[in-house]
2 protein chains.
Amino acid sequence: MLEPVKKIRLYESIVKQIQKLILSGELQPGDRLPPERMLAEQLNVSRTAIREALRSLEMMGFLESKVGVGGGTYVKKITINNILSPFSQILLQNDDFIVELLEVRLFLEIEVARLAAIRRDEEDLKKIHEAIEEMETAIRRGETGLLGDNAFHKALAVATSNTVLQQLLLLCGNLLELEREEHLSSSKTESKKALIQHKKLAHAIEQGNDKQAQTIMRDHIHDISKTIKSNRANRAQQLAGGPDEETE
Amino acid sequence: MLEPVKKIRLYESIVKQIQKLILSGELQPGDRLPPERMLAEQLNVSRTAIREALRSLEMMGFLESKVGVGGGTYVKKITINNILSPFSQILLQNDDFIVELLEVRLFLEIEVARLAAIRRDEEDLKKIHEAIEEMETAIRRGETGLLGDNAFHKALAVATSNTVLQQLLLLCGNLLELEREEHLSSSKTESKKALIQHKKLAHAIEQGNDKQAQTIMRDHIHDISKTIKSNRANRAQQLAGGPDEETE
DNA sequence: TTGTCATAATGGTCATACCAAAAGCACTAC
DNA sequence: GTAGTGCTTTTGGTATGACCATTATGACAA
């Protein structure tokens with residue numbers, strides 16, 4: 001079966017070429033591309049095509065540009081989170097997204113707890129304890145402790161020694177940030193409860209007890225998810241008169 | 001602490017405006033934007049600025065453009081996979097990425113098996129069986145059965161009724177496509193073995209036996225991962241004289 | 001030493017011209 | 001009536017040239 005021949009646009013071709021240079025390691029984060037006018041000469045195209053390609057790569061998160069002497073176009077460091085963050089608001093619009101994401105986050109975090117208990121080293125434990133102290137201090141001041149919460153979950157993810165998992169968790173955490181903040185803000189009780197669970201988790205992980213770590217994490221994330229779903233249900237009720245109650 | 005004031009570029013502003021329209025639902029997948037020249041008039045900027053913004057949104061996966069009568073710029077449907085696929089080659093360059101991704105895929109797929117067994121409906125089961133037949137037919141013809149394999153795993157993911165999970169699995173599958181094809185190509189034995197495991201899984205899921213589904217899936221993905229890691233180790237050995245053997 | 005001004009480098013924006021692709025319509029030949 | 005051809009229009013694709021805005025640096029004067 002013959003397929004339609006798709007003519008490739010210049011700007012597309014340039015985007016792909018530059019991506020390839022980044023891929024092959026010829027271009028590293030921090031490297032500076034030649035000036036636009038020079039690139040246009042080298043590639044024997046107009047500056048327009050160059051700009052369209054560079055603007056695309058810039059908005060995609062690959063490059064950044066600066067004006068003036070010493071200005072130019074520089075290669076940025078690529079992470080999954082950097083790539084997805086421009087899209088997060090769009091993904092959040094889907095009403096089911098949050099609920100589904102909570103479900104995915106539940107089993108990702110349980111797996112994090114398991115791997116962290118198995119793989120953590122002294123440095124990881126130090127970070128975990130620092131995060132707990134940070135959260136504790138913030139709560140004592142009357143704050144929600146969200147930053148400490150973020151730091152705690154990040155430290156756990158780092159302790160798994162799996163960067164793909166880290167990126168996924170970071171992404172989940174960011175996408176759920178409003179909801180998580182709301183949860184911790186809802187009452188001082190919730191913040192303190194989360195802190196207690198963090199401490200229990202830290203202890204299980206320190207002991208290398210992966211079974212217990214999983215159980216505590218399951219309870220912890222389940223609590224949070226329950227509140228978030230409840231808040232969403234209340235919000236939807238106020239707006240439109242109440243969704244069906246979900247069986248859990 | 002005062003922060004530097006960042007001057008916003010026209011193309012950036014236009015990108016954000018269009019993203020916002022998509023976010024608010026004013027623009028839906030399939031909707032057509034006004035022609036470039038008209039947009040330039042409406043926004044009182046040059047066509048260049050419009051093009052730079054539209055090219056960016058296009059390369060980011062939000063829009064697609066067509067030339068000629070009835071042509072124009074159309075809004076695309078946004079999924080995580082669409083967004084990430086331009087970056088997949090970059091992510092694959094990280095040597096540890098594949099190994100880590102295999103690990104993440106293992107527990108995602110186990111969770112899929114569990115949820116599929118609990119949540120599948122008749123339609124899901126039909127799709128699952130169709131995928132098995134497709135793979136069986138391909139193997140009988142002497143092919144690898146990769147398409148049937150893809151269809152099978154997709155049908156399972158759909159049966160979870162969690163689209164976030166589906167997207168993540170689709171992404172993992174795509175990122176690992178070369179490796180998975182290599183695995184199925186390595187011998188007819190591997191393809192047949194995979195097919196047998198698919199059949200066992202289908203049976204467990206049909207029976208609603210989530211524990212058994214998880215066990216079979218663990219074995220299945222573990223087999224694949226083991227071969228993929230082994231192939232990578234052999235490849236690295238050929239290139240550079242042998243990595244340390246990983247304890248498993 | 002500090003402040004001011006000029007210069008140069010590089011991205012940012014605009015306008016204009018022309019090309020390429022595609023659909024629709026009218027006309028002609030069979 | 002049908003198929004083929006050519007023309008027109010619409011819209012994105014590409015090029016060119018001009019000018020603007022920002023920024024760092026160096027020279028010069030107070």
Side-chain angles (χ1 to χ4, degrees), chain A residues 2-19 21-22 27 29-76 86, chain B residues 2-19 21-22 27 29-76 86:
Chain A
L2 300 184
E3 297 218 336
V5 176
K6 186 174 179 187
K7 176 152 188 180
I8 190 139
R9 285 77 178 258
L10 282 185
Y11 59 87
E12 254 185 89
S13 174
I14 296 163
V15 166
K16 286 182 171 25
Q17 280 188 59
I18 292 173
Q19 279 181 327
L21 289 178
I22 294 173
L27 285 178
D31 284 359
R32 181 172 170 278
L33 296 194
E36 293 178 356
R37 291 169 178 94
M38 193 178 297
L39 273 177
E41 271 186 52
Q42 287 175 9
L43 298 186
N44 201 29
V45 296
S46 73
R47 193 175 150 213
T48 304
I50 297 292
R51 283 192 59 82
E52 289 182 7
L54 295 187
R55 298 297 75 76
S56 297
L57 287 163
E58 187 174 352
M59 299 307 298
M60 284 161 90
F62 285 87
L63 305 177
E64 64 188 342
S65 63
K66 292 172 189 166
V67 175
V69 174
T73 306
Y74 295 83
V75 180
K76 285 172 70 176
Chain B
L2 300 183
E3 296 218 336
V5 176
K6 186 175 179 186
K7 178 155 188 178
I8 190 135
R9 287 76 177 256
L10 282 183
Y11 59 86
E12 256 186 270
S13 174
I14 296 163
V15 166
K16 285 181 171 24
Q17 280 187 58
I18 292 173
Q19 280 182 326
L21 289 177
I22 293 173
L27 284 178
D31 283 0
R32 181 173 173 278
L33 297 194
E36 293 178 355
R37 291 169 180 92
M38 194 179 295
L39 273 177
E41 272 187 49
Q42 288 176 9
L43 297 186
N44 203 29
V45 295
S46 74
R47 194 176 148 214
T48 305
I50 298 292
R51 281 193 59 81
E52 288 182 7
L54 295 186
R55 296 297 73 75
S56 297
L57 287 163
E58 188 176 350
M59 299 306 300
M60 283 163 92
F62 284 88
L63 306 176
E64 65 189 343
S65 64
K66 291 169 189 169
V67 176
V69 173
T73 306
Y74 295 83
V75 179
K76 285 173 70 175

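Computed from a predicted structure; not experimentally measured. Note on naming: letters A, B, ... go to the chains in the order of the sequence lines (proteins, then strands), and numbering restarts at 1 for each one.
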> Judged by atom type as modelled, is there a donor-acceptor pair below 3.5 Å linking the side chain of B:S13 to the main-chain atoms of B:R9?
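The answer is no, because no donor-acceptor pair under 3.5 Å joins these two groups.
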> OP1 or OP2 of D:dG12 versus the side-chain N and O atoms of B:T73: is any pair under 4.0 Å?
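Yes, B:T73 has a side-chain N/O under 4.0 Å of OP1/OP2 on D:dG12.
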> Using a 3.5 Å distance criterion without hydrogens, assess whether the side chain of B:R32 forms a donor-acceptor pair with backbone atoms of B:G70.
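Pair absent, no side-chain N/O of B:R32 close to backbone of B:G70.
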> Output the rounded distance in Å from CZ (B:R51) to P (D:dG12).
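Spelled out: CZ on B:R51 to P on D:dG12 is 8 Å.
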> Whole Å only: how far is the CD atom of B:E52 from the C1' atom of C:dG11?
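Checked: the CD to C1' distance equals 10 Å.
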> Please compare A:T48 and B:L54 by the position of their nearest nucleotide in DNA chain D and report the one closer to 5'.
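Its nearest nucleotide being more 5', the pick is B:L54.
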> Could you tell me whether B:K76 and B:E64 make a salt bridge, using a distance below 4.0 angstrom between a side-chain N and a carboxylate O?
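B:E64 and B:K76: not salt-bridged.
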> Look at all strands and tell whether B:G72 reaches a base, only sugar-phosphate, or nothing, counting heavy atoms closer than 4.0 Å.
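Sugar-phosphate, no base atom in range.
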> A side-chain contact here means heavy atoms from C-beta on lying under 4.5 Å apart; do B:Y11 and B:R51 qualify?
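When only atoms from C-beta onward are counted, B:R51 and B:Y11 do not touch, as no gap falls below 4.5 Å.
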> Using the rule given for side-chain contact (heavy atoms from CB on, under 4.5 Å), can you reason through A:L33 versus A:I18, listing the C-alpha separation, both sets of side-chain angles and the distance that settles it, and then say yes or no?
CA-CA 10 Å; A:L33 296 194; A:I18 292 173; 4.2 Å; yes
> Distance check, rounded to the nearest 0.5 Å: B:Q19 atom CD versus B:L27 atom CG?
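Going from the CD atom of B:Q19 to the CG atom of B:L27 covers 11.5 Å.
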> Rounded to whole angstrom units, what separation is found between the CD atom of A:E12 and the C1' atom of D:dG12?
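So the CD-C1' distance, A:E12 to D:dG12, works out to 13 Å.
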> Whole-Å distance between C:dT10 P and A:E58 CD?
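Whole-Å distance recorded here is 17 Å.
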> Examine D:dT14: is either OP1 or OP2 under 4.0 Å from a nitrogen or oxygen in the side chain of A:Y11? Give yes or no.
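Indeed not, no polar side-chain atom of A:Y11 lies that close.
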> Using whole Å, what does the distance between atom P of nucleotide C:dG12 and atom CZ of B:R55 come to?
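My rounded result for the distance is 17 Å.
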> Rounded to the nearest Å, what distance is computed from the CD1 atom of residue B:I50 to the P atom of nucleotide C:dA15?
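Spelled out: CD1 on B:I50 to P on C:dA15 is 12 Å.
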> Could you go through nucleotides 26-28 of chain D and list every protein N or O atom that sits under 3.5 Å from one of its N or O atoms, giving the distance for each pair?
none

> Rounded to whole angstrom units, what separation is found between the CG atom of A:L10 and the P atom of D:dT14?
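One finds 4 Å between P of D:dT14 and CG of A:L10, rounded.
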> Could you state the CD1-C1' distance from A:I14 to D:dG13, rounded to the nearest angstrom?
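In whole Å, D:dG13 C1' lies 12 Å from A:I14 CD1.
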> Does NZ or CZ of B:K66 lie under 6.0 Å from the centre of the six-membered ring of B:Y74, at an angle within 45° of the ring axis?
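That pair qualifies as a cation-pi contact.
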> Near DNA chain D, under 4.0 Å by heavy atom, which residues of residues 31-47 of chain A?
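Only A:R37, A:V45, A:S46, A:R47 qualify.
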> How many angstroms lie between atom CE of B:M59 and atom CD1 of A:I14, to the nearest 0.5 angstrom?
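B:M59 atom CE to A:I14 atom CD1 measures 10.5 Å (nearest 0.5 Å).
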> Would you say A:L63 and A:L54 make side-chain contact, with heavy atoms under 4.5 Å?
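Side-chain contact under 4.5 Å: yes.
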> Is any side-chain N or O of B:R9 closer than 4.0 Å to OP1 or OP2 of C:dG11?
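No.
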